[in-house]
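Chain letters run A, B, ... following the sequence lines, proteins first, then strands; residues in each count from 1.
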2 protein chains.
Amino acid sequence: MNTTAKPPRTIVDADTAAARILDAAETLFYREGSRNVGVDAVVKEAGVNKMSLYRQFSSKDELLRRYLQRRDDRFWGYVDASLELHPHDAAAALRQFFADLAERAGNPAYRGCPFVNIAVEYPEREHFARVFVADNKRQLLQKLTELATRAGARDPAALAKGLALLIEGAYAASQTYAPETELLSALPATADLLIAAAMLS
Amino acid sequence: MNTTAKPPRTIVDADTAAARILDAAETLFYREGSRNVGVDAVVKEAGVNKMSLYRQFSSKDELLRRYLQRRDDRFWGYVDASLELHPHDAAAALRQFFADLAERAGNPAYRGCPFVNIAVEYPEREHFARVFVADNKRQLLQKLTELATRAGARDPAALAKGLALLIEGAYAASQTYAPETELLSALPATADLLIAAAMLS
DNA sequence: AGGTGATGTTACCGGTCGGTAACATCGTCA
DNA sequence: TGACGATGTTACCGACCGGTAACATCACCT
């Protein structure tokens, strides 16, 4: 028998190749870290040839850019899904977001906030990926401030910053603390407390 | 003139070589990330030869272990320094810790919590460095719980977890948010709020 | 049918990684 | 003085990194 049979050549058009590469990059960059994953691993996971990658993307950095954009879209999808449940009650919307975040971050496959991970992976604050991260966080703080204002907080900026710290804390703690610690179980109640305290005159 | 003059051979004994290597590793691993720094960069920073490293340390992993131990010692030094200022007032001690943390994390050279960074750099929870990190955090939560108890909190475990989340949040936010955001300025007040709320009947 | 452009495959480039062998050179102590 | 052990220096190993050239093969359109 022929033990050296080559696998059949499979041909995929450029668009599907690009999509599969992006899917593979999203999976691997998030799970293993963008700097720990080589392009060879990406194309293997995507089931395409390395040249297919470099014909669709100019470089690994370009792939990283697209990865960040995907993560950004996904993140705001999470936010919108939580907030839409309470369109006329900003305080409830905030509480909902923390409940949903605690749920997501408690998943065993959760590997933390992709943006926090990027910030750790790239030491230079001027790196384009770090700039992207800072921009995402800036928009998040803005959204939190807007919600805190609508909720009627005495000092909306202060409440928003406190909640932003809690959010980052949930991200980091999901990776630093052992799962048995169940630190995230305290997230919703702590957020509720901050929100409630911000309403009192 | 002789433009190819070799630098003079400098000889240092094993102990000072080991110390300089550890210092260099601590600086570089923290600033750039342990996986982003090669042993060549470490020996260059230390001003010693690569063989001097491998005669003192069995591997880069061994160096990483020593690095983690150093950071652990340093961390508990910070904790003790804050707590010692209020030996008979646990609530004040907690508040002091957050004030000092906000100060440290606001330093421009601050590169976040070394343990958070390790957790991001190494994807596998079973990796020895991740286990070390989880152990440090477990001890921190224990210390916080003990202080919350001494402070007279109604639910010490809940307060400790909330504060632990805030701490991790300060670490992560120091790297994700742009400095202009001054998110850390909200840290002490938020911690104070949580502590005060935990005391009320 | 023939040609043309997109895709797949292989092999390779220079650079960096962690780690080591071999040898030169030094200080120290008998 | 001579020998021995510790240190410094150089060169190298195989593996992986991001990226590319050259060529084989296919689909599709005229």
Are [X] and [Y] in a cation-pi contact, defined as NZ or CZ under 6.0 Å from the six-membered ring centre and within 45° of the axis?
X	Y	answer
B/Arg35	B/Tyr122	yes
A/Arg66	A/Phe57	no
B/Arg71	B/Tyr30	yes

Spacing between [X] atom [atom1] and [N] atom [atom2], to the nearest angstrom:
X	N	atom1	atom2	result
B/Asp15	D/dA6	CG	P	13 Å
B/Asn49	D/dG8	CG	C1'	6 Å
A/Leu53	C/dT7	CG	P	13 Å
B/Glu62	C/dG18	CD	C1'	15 Å

Measure the CH2-CD distance between A/Trp76 and A/Gln139 for me, rounded to the nearest 0.5 Å. 5.5 Å
Could you verify whether a donor N or O on one side chain and an acceptor N or O on the other, from A/Asp100 and A/Gln96, lie under 3.5 Å apart?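 Their side chains do contain a donor-acceptor pair, which is all the 3.5 Å distance test asks for.
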Ring-plane angle category for B/Phe115 and B/Phe75, please: parallel below 30°, perpendicular beyond 60°, tilted otherwise. perpendicular
What is the nucleic acid contact for A/Ala17, judged by heavy atoms within less than 4.0 Å: base, sugar-phosphate only, or nothing?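 Nothing: the residue A/Ala17, judged by heavy atoms under 4.0 Å, touches no strand.
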Nucleotide-resolved protein contact map, nucleotides 16-22 of chain D, B/S/- at heavy-atom distance under 4.0 Å: --SBBB-
